Number of protein chains: 2
Amino acid sequence: MRIGELAARAGTTTRALRYYESRGLLTARRAENGYRAYDEDDLRLLRQIRTLQDFGFELEETRPFVECLRAGHPAGDTCPASLAVYRRKLAELDGLIGQLQSVRDQVGAQLARAESARAELEAGSLVPGVPGCEMTGMEEGLG
Amino acid sequence: MRIGELAARAGTTTRALRYYESRGLLTARRAENGYRAYDEDDLRLLRQIRTLQDFGFELEETRPFVECLRAGHPAGDTCPASLAVYRRKLAELDGLIGQLQSVRDQVGAQLARAESARAELEAGSLVPGVPGCEMTGMEEGLG
DNA sequence: GCTTGCCTTGACGTCGGCGTCAAGGCATAC
DNA sequence: GTATGCCTTGACGCCGACGTCAAGGCAAGC
């Protein structure tokens, strides 16, 4: 199969495949006319890459999985190096999720504080004539 | 105060300040010799920007806060436009956290599956002589 | 005068994963 | 022959928030 068909079957583009090749993942044999030629194994390999990419793995992080498949294993995550990447990614995700949760809480607190400050202004009918800060009703409409 | 001192007091770099200026945030008056001159209000403004940046806000998203401060408000998040950014960011964060949590769970499941598959191999002492997949003991050491 | 240190503008580099265009070769259909 | 559609390599573009370098001006100390 040629590059266009492989790309279509994996739900990606020819450009991406050439890029993977330039990075040393997904090598291709060549037909007589110079066209890249792929087989079903290449498709499995590519699908492994795409799955991990969809998870947010960097391309380099997919390399152990690819090499594991190339080594003849039925699954790319059978080898120790792949498992190590999984574990690193889990730790990374946990850290990131925690960070984002912390930011979320802080932003939420800031919002609550700012909203109650505005509520006090409205209650006292103390609307200062400052441009950009009139009572527009947007406070309600965007919740 | 000049750009170097302002940058230092806000914990950032002169390059960042010139970049903010190029984006229309943080304008500066000029001294006679052409040097940028800042005052304490600029510092407050810059600190608002940095705080939001540390939260992961894009520079454009800090603009309403900056304009709110410029309009004379004591806090940058008093104005409706700023509150709207807070709310958008909360929704964005919730979505992202949910996505990451989903990915985390999937990766965790994959890891568990792959680990138990290897455990079965080890139990049966069926270690195939495939390069890159020998029993190296790394499985234990990297958890 | 000379050095040092801060300032100026301008412009190119970084990172990842491609998108997009250019110029041309190959293969099939009409 | 030629129009179409796939393929080839090469190279520049993109995004965000700056980093870094270049070439030169300004101010103060010795």
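No experiment lies behind these values; they were computed from the predicted model shown. Residue numbers begin at 1 in each chain, while the letters A, B, ... track the order of the sequences.
- The pair A/Arg30-A/Glu21 meets the salt-bridge criterion, with a side-chain N (NZ, NE, NH1 or NH2) lying under 4.0 Å from an Asp/Glu carboxylate O.
- Put simply, CD on B/Glu60 is 8 Å from P on D/dA17, counting in whole angstrom units.
- Within the 3.5 Å criterion, the main-chain N or O of B/Gly76 finds a donor-acceptor partner in the side chain of B/Ser82.
- The listed nucleotides are C/dC7, C/dC18, D/dT9; the one nearest the side chain of A/Arg36 is D/dT9.
- In this structure, B/Ile3 atom CD1 and D/dG25 atom P are separated by 20 Å, rounded to whole Å.
- Across all strands shown, A/Arg18 has heavy atoms under 4.0 Å from base atoms, whether or not it also approaches the sugar-phosphate.
- Residue B/Leu17 contributes atom CG, which lies 10 Å from atom P of C/dT8 at whole-angstrom precision.
- Considering only the side chain of B/Arg50, D/dC18 comes nearest among D/dC26, D/dC18, C/dG19.
- Distance, A/Arg30 CZ to D/dC7 C1': 10 Å, rounded to whole Å.
- For A/Arg2 and C/dC26, the CZ to P distance is 14 Å, given to the nearest whole Å.
- Going from atom CG of B/Leu52 over to atom C1' of D/dG16 covers 16 Å, rounded to whole Å.
- Residues A/Lys89 and A/Glu92 are paired through a salt bridge, judged by an N-O separation under 4.0 Å between the basic side chain and the carboxylate.
- Contact check, A/Tyr20 against C/dG17: no side-chain N or O comes under 4.0 Å of OP1 or OP2.
- When each of A/Thr13 and A/Asn33 is assigned the nucleotide of DNA chain C with its nearest heavy atom, A/Thr13 is the one assigned upstream, toward the 5' end.
- We find that CD of B/Glu21 is positioned 12 Å from P of C/dG10, with the value rounded to whole Å.
- By the 4.0 Å N-to-carboxylate-O rule, A/Arg63 lies close enough to A/Glu60 to be salt-bridged with it.
- Here the side chain of B/Glu58 is nearest to one of D/dC18, C/dC18, D/dA17, namely D/dA17.
- Which of C/dG19, C/dG17, D/dG19 sits closest to the side chain of A/Leu59 comes down to C/dG17.
- Distance CD1 (A/Ile49) to P (C/dG17): 11 Å, rounded to an integer number of Å.
- Between A/Gln53 and the phosphate of C/dG16, there is no side-chain N or O to OP1/OP2 separation shorter than 4.0 Å.
- When the nucleotides D/dT8, C/dG17, C/dC6 are ranked by their closest atom to the side chain of B/Tyr35, C/dC6 comes out on top.
- Between B/Leu26 and B/Asp42, the closest heavy-atom pair is CD1-O, 3.8 Å.
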